[in-house]
There are 2 protein chains.
Amino acid sequence: MSQTVDRALSILPLLAEGPADLGQVADRLGVHKSTALRLLRTLHEHGLVYRQSDQRYRLGARLFALAQEAMENLDVREIAHPHLVRLNESCGHTVHLAVYEENEVLYIDKVDSRYPVRMYSRIGKPVAITVAAVAKLLLADLPEHERRAVAEKLDYPAYTARSTPDATAFLRELEKVRQQGWATDLGGHEESINCVAAPIRGADGRVVAAMSVSAPNVVVTADELLTLLPLVRRTADAISGEYSGRTPSKGTV
Amino acid sequence: MSQTVDRALSILPLLAEGPADLGQVADRLGVHKSTALRLLRTLHEHGLVYRQSDQRYRLGARLFALAQEAMENLDVREIAHPHLVRLNESCGHTVHLAVYEENEVLYIDKVDSRYPVRMYSRIGKPVAITVAAVAKLLLADLPEHERRAVAEKLDYPAYTARSTPDATAFLRELEKVRQQGWATDLGGHEESINCVAAPIRGADGRVVAAMSVSAPNVVVTADELLTLLPLVRRTADAISGEYSGRTPSKGTV
DNA sequence: ATGGATGTTGCAGTAAGTGCAACGCCGCTG
DNA sequence: CAGCGGCGTTGCACTTACTGCAACATCCAT
């Protein structure tokens, strides 16, 4: 909508791939070097872009700080955190909290496993949306048509033999998840990792976030992990209660 | 330098404080509503801003993803991580990795304590620059005049009685740190928390990052923590070696 | 119904962004 | 060491694309 801003913002994903010099940026934007320079300077002033010693540009520190602050303003996260920690203490496994936002599901909190085998994931990282248990819960709650639209837009990477193969299978799975009120991912993302997840609901009953417990086969079998389901659901319900009860923490409506 | 972009980017920190509606944004930017609308729309298209159900704007998901990608492009982090984990396994305390960038020091990696008492800190969060052990190391390595300039620009919040009180004291401390090649923070940020830190150097000997081990008094005394210094330094040196050796991982110079 | 608040659109004026060309600064190389 | 080529930077004339306005749409509260 605004050309200048549009161009400037296009620089960010470009730099996310790795550092680039003025010429490269200008080329990839399709603008004159002087234009690119001015845009970069503006981004720089706002700290979104950093100029390293070899004069090339990189994404800047303010970006982290912003993402950080944004995260801390999410009240679900704040409320959920102590519950997640407690759950982790009682079962020892990795606990995740995720939300859905415009075709993406992302982790907004994580408590690491207390077993030596850790799984790779990072707060802020988009989730493997077609297979993750939390993603299924979040998408399952979308209105029918939107769910359908999203499902058909997605790619279905075959991470493992058990990954969701296509939109039809995914929609079927979502329907099942919606009815049973919980979800699993049994080796659909990483062959040896299983997850059990439960939804966190707002006052109106809509799913605002989802949480999961994940553990590799070498620690517990899928069946053993499933015995945790009641505990996971209870935790999620406790968070839902507190969240919809609107604890007087932040003044945001 | 570019007015439009400048205005658009000013929206981000504004929204970082919390969600805001169109009118508020327009007011705080000092522009007409229609202008603010167009800027917000552009930010929205790039996913930096999200429109929540009550029509108010929040920072968006792409921001997390960007910060994430930016972080993963930092090769120090990648190299250091396994070392940090190993250190954490051998001593059990919280381990941090931090870098300096334009008047800010920020954590770029963290391995949580294995003791029940956790300390608050988050990857991406700016560090208490006047007291943190890692900050001292990073600033101590700046060229004389720049160090001075930064020190004088800073605020010196009195977090505790042992916090660095002013620029003079800070510069003195930095000089000491520079000479001894390691740093501590003994209750300067949180009364009961101590840290020991060591620098990570690039091929040219300059400090590119710093790492620290932190533990609360209730777990180990400051003296006990100091006995870990040799281990911390050895770890930092190992990372330095690998970093300046330039392992053939990323193609970035 | 009516009023007010908030988000949205189309448009004319002009401010602000664009590309050009020229310059300065390196590092290479013959 | 002079000359060349690549890269970042600057000042400027041109005109594109951003701005603010005023009117409209929508929703909620009275």
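Bear in mind the structure is a predicted one, so any value in this text is a computation, not a measurement. Computed from heavy atoms alone, side chains included, the values below leave out hydrogens, waters and symmetry copies. In what follows, every chain begins at residue 1, and chains take the letters A, B, ... in the order their sequences are listed.
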Looking at every non-hydrogen atom in both residues, tell me the closest pair between Arg62(B) and His46(B) and how far apart they are.
CG-O, 3.5 Å
Rounding to an integer number of Å, can you tell me how far Met1(B) CE sits from dT10(D) C1'?
11 Å
dG19(C) P sits how many Å from Lys33(A) NZ, rounded?
13 Å
Of dC20(C), dT8(C), dT9(D), the nucleotide closest to the side chain of His32(A) is dC20(C)
Salt-bridge test for Asp141(A) and Arg178(A): reply yes if a basic N is under 4.0 Å from a carboxylate O, no otherwise.
no
Can you tell which of dG7(C), dT8(C), dT9(D) lies closest to the side chain of Asp21(B)?
dG7(C)
Would you sort out whether Glu144(B) and Arg147(B) count as a side-chain contact (heavy atoms from CB on, under 4.5 Å), showing the intermediate values?
CA-CA 5 Å; Glu144(B) 164 77 32; Arg147(B) 204 188 324 161; 4.0 Å; yes
Between Tyr107(B) and His96(B), what is the ring plane arrangement, given parallel below 30°, perpendicular above 60°, and tilted in between?
parallel
Expressed as a whole number of angstroms, how long is the span from Asp27(A):CG to dG19(C):C1'?
14 Å
Could you tell me whether Arg56(A) and Asp54(A) make a salt bridge, using a distance below 4.0 angstrom between a side-chain N and a carboxylate O?
yes
Given that Gln24(A) and Ser2(A) both sit by DNA chain D, which one's nearest nucleotide is further toward the 5' end?
Gln24(A)
Positions of residues 3-17 of chain A (non-hydrogen atom under 4.0 Å from DNA chain D), listed by number:
Gln3(A), Thr4(A)
Gap between atoms CG and P, on Leu37(A) and dG24(C) respectively (whole Å):
18 Å
Within this structure, what is the CG-to-C1' distance between Leu22(B) and dT26(D), rounded to whole angstrom?
14 Å
Using atom CZ of Arg38(A) as one end and atom C1' of dG11(D) as the other, report the distance to the nearest whole Å.
11 Å
Could you check whether Glu17(A) pairs with Arg28(A) (Lys NZ or Arg NE/NH1/NH2 to Asp/Glu carboxylate O, under 4.0 Å)?
yes
Overall bend - the helix from dA1(C)-dT30(D) to dG30(C)-dC1(D), comparing terminal axes fitted on five pairs, nearest 10 degrees
30°
Between dT18(C), dT10(D), dG20(D), which one does the side chain of Leu39(A) approach most closely?
dT18(C)
Nearest whole Å is fine: how far is dT9(D) P from Leu40(A) CG?
10 Å
With side chain to side chain donor-acceptor pair (under 3.5 Å) as the criterion, how do Arg58(A) and Tyr50(A) come out once you've worked through the C-alpha distance, each side chain's angles and the decisive distance to 0.1 Å?
CA-CA 5 Å; Arg58(A) 262 204 307 103; Tyr50(A) 175 65; 5.2 Å; no
Is the shortest side-chain heavy-atom distance between Val95(A) and Val232(A) below 4.5 Å?
no
Length of the CZ-C1' vector between Arg51(A) and dC7(D), whole Å:
10 Å
Among the nucleotides dT9(C), dT18(C), dG20(D), which one has an atom lying closest to any side-chain atom of Arg41(B)?
dT9(C)
Non-hydrogen side-chain atoms of Val208(B) and Val99(B) separated by less than 4.5 Å:
no
